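Worksheet: one structure, shown below.
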Amino acid sequence: MNRIKKGWENPAFGILPIFMFLLLDGFFPYMQAYLASAACCLVSLVALRVLKKERIYSFLLLPATMTFALYALTVFLVPRKEMFVLYTPVVVEILLVVSLIYLHSLKKQVYRYIRNSGGPAYMRAYFLTSLNEFFFVAYVFQNLFTLHVFMVMLYSIMPEPHGARLDRFVYRDAGLLICMFVLVYEQIRLLMVRGRLKKEMWLPVLNEQGSVIGCIAYSVSRMLPKRYFHPIVRVAIVCDGMLYLTKRGAYCCVSSSALDYPISKYVLFRQSIDRAVRDALAPLSCNAGVAGPRLLIRYVFENKQVKHQVSLFVVCVRDAKAVEQNIGQQGKFWTVQQIEENIGDGVFSEYMENEFPYLKSTILRAENYTCGESPVK
């Protein structure tokens, strides 16, 4: 079933009954092509209904079904049946564009209905993601087919003769090429998205009580400032009452390029806080002069860009040179006096300036405590 699901993740596959209609119309009478394609569309709808429990959707079958219904009505109402012999592909495209425009007008109401439904949050999120893909692909089809219809209108008023090959391309083949182009384009785009997601960093989302309620990609969270609440760990490295400080990255969300502790990182989804700290301190773990990290304080940091649950740890180091060799970042140890002389001038990160008063009153006691205790398990 997973293989079937992966194959149907491309929302453009819902256009296949229309593609089949346009293709068969070039070889068979239009009514035979219509009946075969409409039957294929109905079978697809039934199959997706059966696969509904597997969360396999192809929303583009809805405008395709509407197009077939409108085509049947058009054939019934229009007396000149000979028009459909040549212009069936164009008529189908016009009816499909009308269906897509109508569905696009309902977009806000559909989203509102899904968000207000009483289903589980993960189901609503999955459904909304599928709808986003559908409306994106539908918009591409709508624009391309609209452009083609105008091209046909312009071509029709041009002086004769046009040529049989050119007529076939304008009236028939161009619509098929549009379907094939969007199918291939969407498949390539999805493959590229999957490739990026494999490299993506997934962060847990916390509620106000600090419990994990879901996860989100780091890149998405960064584009939505302060929308999601994430946990981070920070480790102050202490040696003889001094703090080891390095420059933060230029692309950090908070206090870029300011001085801060060398270890400040997000806790990943399904990763414990202790595990995140141990992984961050792995370069120092083999050094005999390093005591295990100890949690000093946990608090909520909030500004215009982010909202973080900060777990501040401290680790005691006996050999200052070991830090410079193993951490691998350019930095140095700062005394309390040096920090006090520069605090408030934008030299240090917002995190550190909030934490320093607490560190100042406890740093010596924390150093003695961590040096005499066993590491976190």
Side-chain angles (χ1 to χ4, degrees), residues 8 11-50 52 57-110 113 130-131 134-157 167-183:
W8 278 91
F13 281 131
I15 205 68
L16 287 178
I18 298 294
F19 178 81
M20 180 180 176
F21 191 8
L22 298 178
L23 182 64
L24 293 179
D25 184 67
F27 302 95
F28 301 96
Y30 66 91
M31 282 307 300
Q32 293 182 16
Y34 168 78
L35 292 174
S37 304
C40 176
C41 186
L42 291 176
V43 170
S44 300
L45 288 172
V46 173
L48 288 178
R49 181 68 180 178
V50 174
K52 184 179 179 181
Y57 306 108
S58 186
F59 296 112
L60 205 56
L61 281 174
L62 178 58
T65 304
M66 294 172 61
T67 301
F68 283 117
L70 291 173
Y71 183 84
L73 183 63
T74 304
V75 171
F76 177 76
L77 295 178
V78 176
R80 296 182 58 185
K81 307 302 180 186
E82 65 275 9
M83 180 190 73
F84 297 98
V85 176
L86 179 62
Y87 294 106
T88 277
V90 181
V91 172
V92 170
E93 292 179 24
I94 293 174
L95 297 177
L96 179 61
V97 169
V98 171
S99 301
L100 292 174
I101 292 174
Y102 173 73
L103 291 176
H104 188 77
S105 67
L106 302 177
K107 182 177 179 179
K108 291 183 179 179
Q109 292 92 318
V110 172
Y113 174 79
S130 300
L131 281 173
F134 158 68
F135 280 115
F136 170 77
V137 174
Y139 190 67
V140 174
F141 274 122
Q142 176 184 322
N143 289 339
L144 290 179
F145 279 128
T146 301
L147 182 63
H148 179 233
V149 169
F150 279 109
M151 183 181 75
V152 170
M153 294 172 60
L154 180 63
Y155 179 78
S156 299
I157 62 176
D167 282 349
R168 180 178 178 84
F169 174 79
V170 173
Y171 290 115
R172 297 183 182 278
D173 296 342
L176 291 170
L177 289 176
I178 289 174
C179 292
M180 293 176 63
F181 167 77
V182 178
L183 280 166

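Since the model is a prediction, treat every value here as computed from it, not as a measurement.
- Contact detail for A64 and G14: the closest heavy-atom pair is CB-O, 4.0 Å.
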I'd like a table of donor-acceptor pairs (distance under 3.5 Å, sequence neighbours excluded) in which one partner is a side-chain atom from residues 84-103, with atom names and distances.
unit_1	atom_1	unit_2	atom_2	d
T88	OG1	Y71	OH	2.9
T88	OG1	F84	O	2.5
E93	OE1	H148	ND1	2.5
E93	OE2	H148	ND1	3.1
S99	OG	L95	O	3.0

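- Atom CZ of F136 sits about 11.0 Å away from atom CZ of F141, to the nearest 0.5 Å.
- Pairs of residues two or more places apart, or lying in two chains, that qualify as salt bridge (Lys or Arg N to Asp or Glu O under 4.0 Å) and include a residue from residues 16-27 are D25-R172.
- The list of side chain to side chain donor-acceptor pair (under 3.5 Å) pairs with a residue in residues 14-24, not counting sequence neighbours, is empty.
- F76 is linked by a side chain to side chain contact (heavy atoms under 4.5 Å, CB included) to nothing, counting only residues two or more places apart in sequence or in another chain.
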Extract all donor-acceptor atom pairs below 3.5 Å that involve side chains of residues 174-183 and protein atoms in other chains or at least two apart in sequence.
none

Show the atom names and distances, to 0.1 Å, of all donor-acceptor pairs under 3.5 Å that link a side chain in residues 26-39 to residues at least two apart or in another chain.
unit_1	atom_1	unit_2	atom_2	d
Y34	OH	F68	O	3.0
S37	OG	F21	N	3.1
S37	OG	A33	O	2.8

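- For the atom pair CG of L16 and CG of L61, the computed distance is 8.5 Å after rounding to the nearest 0.5 Å.
- Closest of all the heavy-atom pairs between A138 and L60 is CB-CD1, 4.3 Å.
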